[in-house]
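Scroll down for the structure; my scribbles are underneath it.
Remember, it's 1-based here, ligands and their atoms both numbered in the order they're listed. Only this structure's heavy atoms are used, side chains among them; waters, hydrogens and symmetry mates stay out. In this text, all values refer to a predicted model and were calculated from it rather than measured experimentally.
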Amino acid sequence: MYTSTFPSKLPSIGTTIFSRMSALAQQHGAINLAQGFPDFPLHPSLMDWVTEGMQKGYNQYSPMPGFLPLREAHAADIHRRTGTIVCPSEEITITCGATEACFTAITTIVQPGDEVILFEPAFDVYLPAIYLAGGIPKSIRLEAPDFDIPWDKVKAALNDSTKLIIVNTPHNPTGKVWQHSDMIALEKLVEDQELYVLSDEVYEHIVFDEHQHHSALEYPGLREKSLVVGSFGKTYHVTGWRIGYCIAPPLLTKEFRKVHQYTTFAAASPFQYAIAKALLETSHMDGLRSFFEAKRNFFLDSIKSTRWMAKPTQGSYFQIVSFENISSLKDVEFSEYLTKEFKLASIPVSVFYQQENAPSLLRFCFAKSDDTLEKAVRLLCHISASL
Ligand SMILES: Cc1ncc(COP(=O)(O)O)c(C=O)c1O
């Protein structure tokens, strides 16, 4: 029987803040700019293609590495956009969302006692997987407002036990996009080392202004040591379909698939069929940047003359906003207060840190319909005027 003395494998981990804030938003009828999912409809063709997939009989297990036409279409799209050649049969594995891809990648690489370098603030999927694998997280703190990578600290953190570095660009929650110079620095760091990289690139298509996404796939020294993770859920506004992927060199992919086959075995067949069709039409992906940039700009312009302070996010669909000039509450309390009293939900940035931290920052997701965003910015202006 379960008792409070049950030896939890994740004693310090609770229900994710995203689920908690979404539940609180629902309970209080608040506008939810907390969890990172779009509230606008998917392209109608996607629905047609799922139905077509089912009608054509794609209702049983897909092959364990993923539906081959999807992997082929993905490889062709990567080649079209970046010139990088990826082998669909030996290097791409389709997973149940990027969440499974991250979990499987960490489980594949990390042995008990291995150290894993990650950057905080950090998205919450990495730590539990590191703990379950018996790894030791070594967090390197990124500081607001620029969240630059402190390469001297990264070098200092490296030792013979370091097995994996986890990179996330464009970054959740800060929107930071790694520059070419950062990728080169990382490439140099892993050179001649028994060291691997998990490159979480789920927001690869969402970068703004002069920023460019630099994938680990494009750097030879990283390509051979990286597991690159992405999410079709993010790209096609269908996070509930749970379709992600991992790209890695054949030897790493072979090991990755050993874990994947006993974790989920395969992702849902009709959804894989639909994404394979969608990838053949390039206009959606090519339009994502301007689509989300308009939303980011609307959000920022609307709060420009308030006491909220924000540096334009470089990528992802998140905007970090400082409430330093509005409240002295801790960010968790302030975020809950706004949800209950002003009916606007956000994510407090301190939850992305392991160490005690009070940055007075909230994360807002602007992957929302114009109507939702208009209501949200009206509330933000009202909050700034009334507190
Ligand atoms: C940085 C990052 N990695 C991974 C994921 C997980 O993506 P998926 O929904 O495909 O599991 C998310 C989702 O929010 C994310 O923000």
Exercise. May I ask whether Val202 has any heavy atom positioned less than 4.0 angstrom from an atom of ligand 1?
Key: yes

Quiz item: Could an N or O of ligand 1 be found under 3.5 Å from any N or O of Asn168, whether backbone or side chain?
Solution: no

Quiz item: Within 45° of the axis and under 6.0 Å from the centre of the six-membered ring of Phe318, does NZ or CZ of Arg363 qualify?
Solution: yes

Self-check item: Atoms in ligand 1 flagged as close to Gly97, the criterion being non-hydrogen separation under 4.0 Å
Solution: 10 (O), 11 (O)

Quiz item: Any idea which part of His171 is under 4.0 Å from ligand 1, heavy-atom wise: side chain, backbone, both or neither?
Solution: neither

Quiz item: So, does Thr239 sit close enough to ligand 1 that a heavy atom of it is under 4.0 Å from the ligand?
Solution: no

Practice problem: Decide whether an N or O pair under 3.5 Å exists between Asn172 and ligand 1. | Solution: yes

Quiz item: Honestly, is Lys368 close enough over Phe299, meaning NZ or CZ under 6.0 Å from the six-membered ring centre and within 45° of the axis?
Solution: no

Quiz item: How are the rings of Phe123 and Tyr126 set relative to one another: parallel (under 30°), tilted (30 to 60°) or perpendicular (over 60°)?
Solution: perpendicular

Quiz item: Below 4.0 Å from any atom of ligand 1, is there a heavy atom belonging to Tyr203?
Solution: yes

Quiz item: Under the 6.0 Å and 45° cation-pi test, does Lys254 pair with Phe256?
Solution: no

Quiz prompt | N or O contact, Ser231 vs ligand 1, cut-off under 3.5 Å | solution = yes

Quiz item: Around atom NZ of Lys138, are there more than 12 heavy atoms of other residues, nucleotides or ligands at under 6.0 Å?
Solution: no

Quiz item: Contact between Glu100 and ligand 1, counting heavy atoms under 4.0 Å?
Solution: no

Exercise. Kindly state whether the ring of Trp178 and the ring of Trp151 have centres lying under 6.0 angstrom apart.
Key: yes

Quiz prompt | Selected option - heavy-atom contact closest to atom 4 (C) of ligand 1, from Asp124, Val229, Asp200 | solution = Asp200

